[in-house]
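Values reported hereafter were calculated over all heavy atoms of this structure, with side chains retained and with hydrogens, waters and symmetry mates removed.
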Amino acid sequence: MADKSLLGTILDYYGYVKKDRLTAAFGVTDDKFLYSDALDVAIGMKQFDRTIDPGSIAKVNKDAWIAYKTNPLIFFVTELTVRMVAGNNTQLIATGLESEDAAEKAAAETLQAVALDPFWKSPANNWPMLLSDVCRDMILFGEVVPVPYVNNMTGEVAVGFIPADAIRSMTRDPLNARRVISITIKDDKNQDIVLPVVSLDKAGLSKVADETYTSAANSTVGRLTGKCFFWAINRTLTSARGCGDFIQAIRPARDAVKVLKSIADRTEINNSVVSELIFETSVTPAEIKNMMTPGHESYINPPRLDVPGPKTFAHNKNLEYKNVQPNIGASETSETFTMLKAMFCASTSFPEHWVFGQGNNANRATAAEMGEPAFNYITARQTTMKQCVKEIVDFAIDQKRIFTGELAGLTDEQCRAYEIDMPEIDVEDVKARVDIGLTKINGVLAAAMQAGANPEQLAAMMRDILVQDFGMKISE
């Protein structure tokens, strides 16, 4: 126990919370209260809420979407992450399908046939393909809001999605700013729609599909119930709203593309040629106009290098003709582009030779090490996606248990006995494979060169090693 006036003074000194708010929060009049409870209230107070307002979130999400659709760098790192995290054939597999125990195998087969396959592979969901889109939205916007639609007769779940920008307000746990209890959106008539976030029903007081179930067969106690999910990444401890992985990389990516465009524009201008005619004698503007007008009797038809046609030009000594190449003075762009590349790579965790295909300071010994931060990021994001998938699969299983008796013979543990089979990301395996393969290449080529192999033979050896040891596909 701690003295209220002393604790209030300490909290007030650090700007956490006013003493009168503590009194109002606890509804107490005595001088004693729990220190830990006071800190919980302080953490949840409004002045510490770092949640971005809906208008700012909508702007950030719009910038992220435009960058993804128009900037090749943002598109590349996003799609690379999606493909490595989600792959193209993630599956749900009940554990125990290969078990020698008959009861365990039967339970796994029931779970697979009744709950996992109908949810994962149904045409309404098609999660093997849908997961990539979910992962993409999570990476770009930092938030995904799935809305499950439950069939009260079969317990099957179809999943839709609400744009994160549609959220107008949230109800959150007053002692945990990160925990979202419900979200509020607007319908087409500008009316509020409150959607409770899926959570575990511990007291049997939740309503499923607006009907209360009390019988033991379809009780919601101990089951996941609710109207929507709210998944968010990149949040602070006192913020409920998330943000995308690459919002800090949008600006350097945009500027890098601008630099490249300016280089391309300058190259086009510098490669052009202007024909310059200098008259040694006095010529009036009207005469010059006639000489440059096709079809006029005075037209001199000077040769142009930018169009097909004759390049021979006959003229007298009173006219000087020459081709002049423009010289556009501009600031040096190579150093600027190098700095922008460094900023972009630092913002995304991807090494330069992954994104730009340029080794520069990377070599065989450092390339694998330089990729480790990227592998760590991708592994972390895959872990996040697995947790999200598990939450919605657990919900789908619970709806089967609430509305049907098809899983009545399975225990709680058996109903959660499944694995999410996603692409493996193992940095050590990749590094070892690269080291072994490159060592083999060096040894084979060195021996072949000493034996007098010609370039064609060396190329064939290199091709065989790349195909066999690295699994590369090389077109003929």
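At most 12 non-hydrogen atoms from other residues, nucleotides or ligands lie less than 6.0 angstrom from NZ of Lys59.
The backbone N or O of Gly155 sits nowhere less than 3.5 Å from a side-chain atom of Gln399 that would complete a donor-acceptor pair. Looking only at distances, no side-chain donor or acceptor of Asp165 sits under 3.5 Å from a matching main-chain atom of Lys62. Using a distance-only test at 3.5 Å, with no hydrogens or angles considered, no donor-acceptor pair links the side chain of Trp127 to the main chain of Ser122. Under a 3.5 Å cut-off, the side chain of Gln382 and the backbone N or O of Glu424 do not form any donor-acceptor pair. In this structure a side-chain-to-backbone donor-acceptor pair under 3.5 Å is present from Asp398 to Leu224. Counting only distance, with no hydrogens or angles, the side chain of Asp187 and the backbone of Lys189 share a donor-acceptor pair below 3.5 Å. Judged by distance alone, the side chain of Gln112 and the main-chain N or O of Ala94 form a donor-acceptor pair under 3.5 Å.
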Query raised in the report: Going through the checks in order, is the side chain to side chain contact (heavy atoms under 4.5 Å, CB included) test met by Val198 and Thr225?
Result: CA-CA 5 Å; Val198 169; Thr225 62; over 6 Å; no

Query raised in the report: For Lys186 and Asp192, what are the C-alpha separation, side-chain angles and deciding distance, and is it a salt bridge (Lys or Arg N to Asp or Glu O under 4.0 Å)?
Result: CA-CA 5 Å; Lys186 298 286 186 181; Asp192 286 347; 2.5 Å; yes

Query - Residue pair Leu97, Glu109: steps toward the side chain to side chain contact (heavy atoms under 4.5 Å, CB included) verdict - result: CA-CA 6 Å; Leu97 290 176; Glu109 290 175 345; 3.8 Å; yes

Query raised in the report: Step by step, would you call Asp394 with Tyr418 a side-chain hydrogen bond (donor to acceptor under 3.5 Å, both in side chains)?
Result: CA-CA 10 Å; Asp394 287 349; Tyr418 64 88; 2.6 Å; yes

Query - Residue pair Leu92, Val393: steps toward the side chain to side chain contact (heavy atoms under 4.5 Å, CB included) verdict - result: CA-CA 9 Å; Leu92 295 181; Val393 173; 3.7 Å; yes

Requested in this report: Decide side chain to side chain contact (heavy atoms under 4.5 Å, CB included) for Leu111 and Ile397; before the verdict, give the C-alpha distance in whole Å, the side-chain angles of both, and the deciding distance to 0.1 Å.
Outcome: CA-CA 8 Å; Leu111 180 65; Ile397 293 172; 4.1 Å; yes

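In this structure, Phe350 and Phe246 have tilted ring planes: the angle between them lies in the 30° to 60° band.
Residues that satisfy the side-chain contact (heavy atoms from CB on, under 4.5 Å) test with Lys121, not counting sequence neighbours, are Gln91, Asp117. Not counting sequence neighbours, the partners of Arg178 by the side-chain contact (heavy atoms from CB on, under 4.5 Å) test are Asn176, Arg235, Leu237. Partners of Tyr149 according to the ring-ring contact (aromatic ring centres under 6.0 Å, His included) rule, which considers only residues two or more places apart in sequence or in another chain, do not exist here. The salt bridge (Lys or Arg N to Asp or Glu O under 4.0 Å) search around Arg381 returns Asp245, not counting sequence neighbours. Partners of Phe395 under the ring-ring contact (aromatic ring centres under 6.0 Å, His included) rule, at least two apart in sequence or in another chain, are Phe229.
To the nearest 0.5 Å, atom NZ of residue Lys400 and atom CZ of residue Arg223 are 14.5 Å apart. One distance of note links NZ of Lys386 with CD1 of Ile420; it measures 7.0 Å at 0.5 Å rounding. Between Ile247 atom CD1 and Asn234 atom CG the span is 7.5 Å, to the nearest 0.5 Å. Annotation: the span from Asp137 atom CG to Glu143 atom CD amounts to 10.5 Å, rounded to 0.5 Å. One distance of note links CZ of Arg83 with CZ of Arg136; it measures 8.0 Å at 0.5 Å rounding. Taking CZ of Phe75 as the start and OH of Tyr68 as the end, the distance is 4.5 Å to the nearest 0.5 Å.
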Show me the donor-acceptor pairs, under 3.5 Å and distance only, between side chains in residues 251-260 and residues at least two apart or in other chains.
none

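A donor-acceptor pair shorter than 3.5 Å cannot be found between the side chains of Trp231 and Gln387.
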